[in-house]
Amino acid sequence: MLTMKLITEQYDRVIAGLNKKHFNNAKEAIDAVIAKDQERRATQKELDENLAKSNQLAKSIGALMKEGKKAEAETAKAEVAELKTASKALDEKKAALEEEIVKMLCQIPNIPYDEVPEGSCAEDNWVVKSNLKECVIGKDTVGNWDTNPDYPNAKLPHWELAKNLNLIDFDLGVKITGAGFPVYRGLGARLQRALINFFLAEASKAGYEEIMPPTVVNQASGYGTGQLPDKEGQMYHCEVDDFYLIPTAEVPVTNIYRDVIIDEAQLPIKNCAYTQCFRREAGSYGKDVRGLNRLHEFSKIEIVRIDTPEHSAESHKEMLAHVEGLLQKLGLPYRILRLCGGDQSFTSAICYDFEVYSAAQKRWLEVSSVSNFDTYQANRLKCRYRKSADKKIELCHTLNGSALALPRIVASIMEDYQQADGTIKVPEALVPYMGVDVIK
RNA sequence: GGAAAGAUGCCAGAGUGGUCGAAUGGACCGCACUCGAAAUGCGGCAAGCGGGUCACACUGCUUCCAGGGUUCGAAUCCCUGUCUUUCCGCCA
């Protein structure tokens with residue numbers, strides 16, 4: 001959530017930012033929260049004065065008792081009792097106000113950075129880079145794939161290839177669990193393991209410490225990274241213990257830094273984690289959920305960084321380069337989008353999406369979002385750092401990105417590397433991890 | 001699942017009703033000593049929310065797992081919850 005400090009000190013900038021994010025009634029929401037905050041301050045002031053008085057009286061009662069001035073002590077006692085009643089009411093009022101303010105702040109999204117494009121939907125995103133010459137920078141153009149000599153015309157969708165080569169059994173997953181829980185087998189299963197190992201090895205080379213966190217988290221963690229309370233319906237919930245299955249490793253890994261103060265010398269913190277991710281995906285349907293396009297359970301390697309405000313932009317660039325490097329090493333056709341204000345996630349200040357091209361589906365599949373959350377997430381997490389220079393404490397910047405999510409990468413590898421004889425060539429970078437160079 | 005013990009600052013660990021935001025030790029920071037270092041000595045060393053200030057200074061309140069309660073006054077007493085550890089049972 002945004003800090004009250006930012007809202008009050010940079011009022012105009014916040015309003016403008018929210019408008020860019022296409023957040024409705026920005027001014028009303030901001031004005032309302034400012035008014036509440038003022039009320040909160042006034043209440044606290046009154047409460048503090050009350051408590052100060054009763055603290056003093058309580059001390060004096062002790063002294064009076066010692067001196068044997070019983071009558072005076074009794075008068076003071078009565079006065080304290082009165083103050084106490086008043087304090088209790090004020091305290092409750094203050095708590096209620098604080099809760100309301102947090103609630104209001106949680107409904108206000110992060111404000112985008114200046115370099116975030118204007119726009120309201122996916123069409124307004126900027127294509128900033130691609131390894132395809134057909135892909136026009138700054139415009140959503142796929143190019144003519146059927147005539148590209150590097151990607152021959154015989155294109156089966158990955159779900160057919162997976163069936164033909166006995167790599168993934170979607171029906172079996174339905175039997176065991178339900179739709180969206182595929183069973184990988186044989187070389188299909190090994191491809192999963194190969195990708196996980198490849199991605200972790202690359203992250204490790206880039207200096208990320210590997211974390212293997214729990215994939216089930218408590219409520220506090222869900223709140224910390226903002227999945228709760230709003231996106232509760234998107235997570236699987238274990239009601240008996242009140243735990244949630246994680247939708248991304250971001251949740252447990254970022255929550256490592258909840259309520260901590262980090263020495264500046266430790267920054268930037270670089271973590272990576274492979275986990276299974278669980279998403280209910282309520283409301284999805286159609287071609288979006290075909291095959292591997294959208295699953296309820298999938299594997300993902302996430303990279304997370306905690307950094308200073310001065311260095312976070314640099315960190316973000318490094319993360320973008322890392323993810324791009326993975327796609328290059330896998331030899332997949334990709335493009336990088338800088339998301340416009342309206343299409344960005346609620347919490348990000350700036351976000352780039354990476355998409356790979358699915359040759360058979362003739363569509364781009366999102367495989368990574370790499371975001372800088374500025375202090376938005378850190379504020380809710382209370383993730384702060386102590387500056388080396390003046391020892392002051394400030395909010396960190398948090399960043400994360402997928403590096404990478406497996407299913408769509410698998411789809412794209414299958415489709416883009418399929419050969420005329422129905423087999424799939426293994427991307428060179430994966431051969432050491434696969435042990436074979438063709439899937440047949 | 002049954003039983004017991006415990007939860008205090010960055011860490012260890014005192015503290016059983018006021019003078020306790022909290023002894024002591026360690027870590028850390030500053031200064032002194034030193035050519036430098038070690039050792040030693042002196043000083044500092046929690047966070048949150050307010051007031052105040054250009055910014056400091058200064059200052060009020062809150063916080064000793066969480067939430068309730070007793071009391072004029074709670075780290076300290078009572079209740080509830082959570083978590084941790086140990087033992088027993090079960091078990092990959």
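Below, chain A is the first sequence line, B the second, and so on; all start at residue 1. Computed from a predicted model, the values in this text were never measured in an experiment.
In this structure, the CZ atom of A/Phe243 is 11 Å from the P atom of B/U82, given to the nearest Å. Distance CD (A/Gln266) to P (B/C28): 14 Å, rounded to an integer number of Å. The interatomic distance linking A/Lys84 (NZ) with B/C72 (P) rounds to 8 Å, in whole Å.
Listed by chain and residue number, nothing satisfies the salt bridge (Lys or Arg N to Asp or Glu O under 4.0 Å) test with A/Glu210 (two or more places apart in sequence, or in another chain). Judged as a side-chain hydrogen bond (donor to acceptor under 3.5 Å, both in side chains), and not counting sequence neighbours, the contacts of A/Glu366 are A/Ser369.
Taking the P atoms as reference points, B/A7 lies 10 Å from B/G13, given to the whole Å. Comparing the same atom, C1', in B/G6 and in B/A66 gives a spacing of 16 Å after rounding to whole Å. B/G9 sits 40 Å from B/A92 when the C1' atoms are compared, rounded to a whole Å. Nucleotides B/U85 and B/U76 have their P atoms positioned 25 Å apart, rounded to a whole Å.
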Which atom pairs, donor and acceptor, lie under 3.5 Å between side-chain atoms of residues 195-202 of chain A and protein residues at least two apart or in another chain?
from	atom 1	to	atom 2	distance (Å)
A/Asn197	ND2	A/Arg193	O	3.4
A/Glu202	OE1	A/Lys329	NZ	2.6
A/Glu202	OE2	A/Lys205	NZ	3.2

Quick one: side chains of residues 97-115 of chain A, donor-acceptor pairs under 3.5 Å with protein atoms, not counting sequence neighbours, listed by atom name and distance.
from	atom 1	to	atom 2	distance (Å)
A/Glu100	OE1	A/Lys36	NZ	3.3
A/Asn110	ND2	A/Thr347	O	2.9
A/Asn110	ND2	A/Phe373	O	3.1
A/Tyr113	OH	A/Asp374	OD1	2.4

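Counting only Watson-Crick and G-U wobble pairs whose two key distances fall under 3.5 Å, RNA chain B forms stems of three or more stacked pairs at B:1-7 with B:82-88, B:10-12 with B:24-26, B:28-32 with B:40-44, B:46-51 with B:58-63, B:65-69 with B:77-81.
In this model, a donor atom of one side chain and an acceptor atom of the other lie less than 3.5 Å apart for A/Ser348 and A/Ser345.
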So which protein N/O to nucleotides 90-92 of chain B N/O distances come out below 3.5 Å?
none

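Ion pairing between A/Lys175 and A/Asp171 fails under the 4.0 Å rule for side-chain N and carboxylate O.
Sorted pairs that involve residues 256-274 of chain A and meet salt bridge (charged side-chain N to carboxylate O under 4.0 Å, His left out), not counting sequence neighbours, are lacking altogether. Listed by first then second residue, pairs satisfying side-chain hydrogen bond (donor to acceptor under 3.5 Å, both in side chains) with a partner in residues 75-95 of chain A number zero, not counting sequence neighbours. Residues in residues 295-329 of chain A take part in these ring pair (Phe, Tyr, Trp, His ring centres under 6.0 Å) pairs, two or more places apart or across chains: A/Phe181-A/His296, A/Tyr208-A/His322, A/His316-A/Tyr352. Note on residues 8-34 of chain A: pairs passing salt bridge (charged side-chain N to carboxylate O under 4.0 Å, His left out), not counting sequence neighbours, are A/Lys5-A/Glu9, A/Lys27-A/Asp31. Applying the ring pair (Phe, Tyr, Trp, His ring centres under 6.0 Å) test to pairs two or more places apart or on separate chains, those with a residue in residues 213-247 of chain A are A/His237-A/Tyr244.
Within the 4.0 angstrom heavy-atom criterion, no nucleotide atom of any strand lies near A/Lys387.
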Practice task
At under 4.0 Å between heavy atoms, which parts of nucleotides 44-66 of chain B does protein reach? Answer with one letter per nucleotide, 5' to 3': B base, S sugar-phosphate only, - none.
Solution key: --SSSBSS--------BSS----
